[in-house]
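All chains are named by letter (A, B, ...) in the order of the sequence lines, taking the proteins before the strands, and each is independently numbered beginning at 1. If you're wondering where the values come from, they're calculated on a predicted model, not measured in any experiment.
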Number of protein chains: 4
Amino acid sequence: MTAPRKTPDRSRRSARSRRAIFDAALALIGEVGYAATTIEGIAAKAGVGKQTIYRWWPSKAAVLLDAFLDLGDQAAMAAGADDRASAIPDSGDLEADLKLVLRATVDELGDPKYDLPFRALAAEGAVNEDLGVEVVERLLRPQRQLYVERLRAAREAGQLREDSDLEIAVDLLVSPLAQRWLQRTGPVTHEYAEALVEHVLRGLTR
Amino acid sequence: MTAPRKTPDRSRRSARSRRAIFDAALALIGEVGYAATTIEGIAAKAGVGKQTIYRWWPSKAAVLLDAFLDLGDQAAMAAGADDRASAIPDSGDLEADLKLVLRATVDELGDPKYDLPFRALAAEGAVNEDLGVEVVERLLRPQRQLYVERLRAAREAGQLREDSDLEIAVDLLVSPLAQRWLQRTGPVTHEYAEALVEHVLRGLTR
Amino acid sequence: MTAPRKTPDRSRRSARSRRAIFDAALALIGEVGYAATTIEGIAAKAGVGKQTIYRWWPSKAAVLLDAFLDLGDQAAMAAGADDRASAIPDSGDLEADLKLVLRATVDELGDPKYDLPFRALAAEGAVNEDLGVEVVERLLRPQRQLYVERLRAAREAGQLREDSDLEIAVDLLVSPLAQRWLQRTGPVTHEYAEALVEHVLRGLTR
Amino acid sequence: MTAPRKTPDRSRRSARSRRAIFDAALALIGEVGYAATTIEGIAAKAGVGKQTIYRWWPSKAAVLLDAFLDLGDQAAMAAGADDRASAIPDSGDLEADLKLVLRATVDELGDPKYDLPFRALAAEGAVNEDLGVEVVERLLRPQRQLYVERLRAAREAGQLREDSDLEIAVDLLVSPLAQRWLQRTGPVTHEYAEALVEHVLRGLTR
DNA sequence: CGCTAAACGAGACGGTACGTCCGGTCTTTAA
DNA sequence: TTAAAGACCGGACGTACCGTCTCGTTTAGCG
């Protein structure tokens, strides 16, 4: 005996509408910002009934999250990757590898295609716990995991202190950049990324 | 013939209404969250006309920023301080001093009285550049400055590497905690704060 | 080359669905009123796809008209009549015969099973000319015809003025009752029906 | 201790909006019919917020009733009358007076300016009891009362049978015309009106 | 009696309007 | 003379149905 069906039948879902909604959502957020982006506006721009959005997503933020993840998938596909998350390179030189990756992150954060939607997601996730959890699970955690793995390799290679907490290590590398970008406390540049890596690895004390 | 009045006359401002608006705003954000807090609701709860809010603040977020700063002032006054920002203690033991302050920060971030409004401000500031700048200038920068000063003292005392960038150093101490709290990527505890300080000061490498 | 099929094949029509739709339609109108009765609701209650309704009827009102006519047929069948419209009795006493029939009409109008659907049909027909014509042709005209015939018999028997217009005579007997019921301008009772017949037959002047 | 205010303050009501709403409502009903007339459409055409309609009227039908009564008032004013309902003339010749008035009613029912809105009101009132009562009280009863008074005068002048029920008498004069018009059971002409008066006054029997 | 075309249930779709809520502006009223 | 109170226009909210359009699944009738 099965529970009565509540959720819509995913198999009948229109792929065309899904695409149009993602495109419209990201376009609108880029054009008018997140707050001024409305579900009504997305539906109109996508040429889709409002109900088609409400049927599949619980909120504007959820649409944006899916649209953003889809954007990442597309980029990864275009880059020829099999799946979204590509591992951090391991050349043996930890410092160089981290600088490479963080410089790429700086570029990404500076790309308006990512900046506005990501900002909106981060902001909404900060305030809306349910969404925040989803953002962490589906977007942030996979990224962090790549760092954890690279750092673990380094630790096993004897390049890191054995008592290093890898979670804290990742925080040290990632949070300052993220925070600077999100709160606009300072410029987000390649130089900052590199200096950051150096300070983290060497520590502050003499 | 006088020039047409543009800005309201600050001297005629009703202190009683100001207080009532702050109280109502913070109460509502605590009760129903930021998104569900409306100017209409604040006005109603404060027993104030909507126009009285629109006359003095450009947006809901601006009200909240002032209300939050006022909240900080009140707390500082209650603690007997002359002004809002009290310096980080300098016992000579940098590590101990930083742990003390960060543990206090953990406590503050865990206090619902601060958590919700601060979260709302951070989120809104991430997305709304004008507000973001104000938040940084009036709220974050003064706090950061205290760290900069304590760290500079330590560097001058020869306890820090001479090539340390103090801004980056502050970032390393503050951002991981802030990020963890804001994005909910992990628990925000005294233990985390202490381990953070240790990792930052000693660095990751052997 | 054959013309493209436009109309559905009546022979394959599901009698079971037809019944279920009529039952559901009348039930819903009784429960929630005509305006709140929706095609979607009828389909759901009848356990029928929406398309099955749209395939056979052009509008909610058309469904109701058929359902109501079907209801009348059922009642007539139950009463043992061969067809729907049974003639007005001719006992020789016109006044008595008319009182009898109008009292029966009063009872019918007071029966909620007929009241609500009939009201809805009359109202919709007043506003929607196409439906109005159908209602008159299929529902009202057959009824009126029975009166015309009874009155013609009376006129031929010398009981009515020879210059009487039978259409007007029917109007005089039927409209006041119908109007009172439809517009609720007064109570619809046996007494009213009898007084009405008396006034119509004798005229107002001395 | 007074109950909390629920209803809006009538004194602050905008006369300009009221007018614009009535004009838009009647225009739309004339252009697209009652069913296709929406509150949204009325608001848009009147250049008014939807809330301004919902604030003052509970339903589309209620707007229409007020608009229609206002239309009647305007017509009466234009005709130089002090109030809406002008008495039926009393020339001493009852038959002539009634024919005059019913011919005028025929003209009115044929005027599209009145036809469509009145039809919509009658239909809605048939189905919606609350509105129906309002329509009767505010629109129909005042009109009927004029007939009652004229007929009473005739009865007192010895022109009518003393046992005539005036309510029934009014029904006999008014309902057949109204019914014919509303249900479209036949043409609504001056000739019909005159024949109707004659039949009513003289009765059907020899 | 088995094939096949149709009618069927289900329900997603692009839309329209609903009635509510709130944003900002403007007007009235009472202190 | 200044707010409170609140009406106003505008517009998005999330919901309910509209009427159309697939989907697979009966089901009926012909071959």
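Atom CZ of D:R55 and atom P of F:dG10 are 13 Å apart (whole Å). The CZ atom of C:R19 sits 15 Å away from the P atom of E:dC8 (whole-angstrom rounding). One atom, CG of B:L28, and another, P of E:dC22, lie 11 Å apart when rounded to the nearest Å. Between the CZ atom of A:R10 and the P atom of E:dC13 there is a distance of 11 Å, rounded to whole Å. As rounded to whole Å, 18 Å separates atom C1' of E:dC8 from atom CD1 of C:I42. The separation between D:I53 atom CD1 and F:dA7 atom P is 16 Å, rounded to whole Å.
Side-chain N/O atoms of A:W56 include one lying less than 4.0 angstrom from OP1 or OP2 on E:dC13. Side-chain nitrogen and oxygen atoms of D:S17 include none within less than 4.0 Å of the OP1 or OP2 phosphate oxygen of F:dA7. Considering only side-chain N and O atoms, D:S14 lies nowhere under 4.0 angstrom from the phosphate OP1 or OP2 of F:dA7. Residue A:T52 places none of its side-chain N or O atoms closer than 4.0 Å to OP1 or OP2 of E:dA12.
Each of A:V48 and C:R16 lies near DNA chain E, and the nucleotide nearest C:R16 is the one positioned closer to the 5' end. Of the two residues near DNA chain F, D:G49 and B:G49, the one whose nearest nucleotide lies more 5' is B:G49.
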Polar atom pairs between nucleotides 24-31 of chain F and protein, under 3.5 Å, N or O only, would you list them?
unit_1	atom_1	unit_2	atom_2	d
F:dG29	OP1	C:S11	O	3.4

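Expressed to the nearest 0.5 Å, how far OG1 of C:T37 lies from CG of C:L64 amounts to 8.5 Å. If you take OG1 on B:T52 and CH2 on B:W56, they are separated by 9.5 Å, rounding to the nearest 0.5 Å. Between the CD1 atom of D:I29 and the NZ atom of D:K60 there is a distance of 7.5 Å, given to the nearest 0.5 Å.
Here the side chains of C:L121 and C:Y34 are not in contact, with every heavy-atom distance at 4.5 Å or above. Side-chain atoms of D:W57 and D:D66, non-hydrogen and from C-beta on, do get closer than 4.5 Å to each other.
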Completion exercise
Expected string for nucleotides 13-20 of chain F under the B/S/- scheme (protein heavy atoms, under 4.0 Å, primed atoms plus P, OP1, OP2 as sugar-phosphate) is BBBBBBBB
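Just one of B:I42, B:L116, B:L71 meets the side-chain contact (heavy atoms from CB on, under 4.5 Å) condition when paired with B:L26; it is B:L71.
A salt bridge is defined here as a Lys NZ or Arg NE, NH1 or NH2 lying under 4.0 Å from an Asp or Glu carboxylate O, and C:K45 with C:E31 meets this definition.
Across all strands, D:R13 comes closer than 4.0 Å only to sugar-phosphate atoms, never to a base (heavy-atom distances).
Counting only distance, with no hydrogens or angles, the side chain of C:R119 and the backbone of D:V127 share no donor-acceptor pair below 3.5 Å.
Counting heavy-atom neighbours within 6.0 Å of C:R16 CZ, excluding the residue itself, gives a total of 12 or less.
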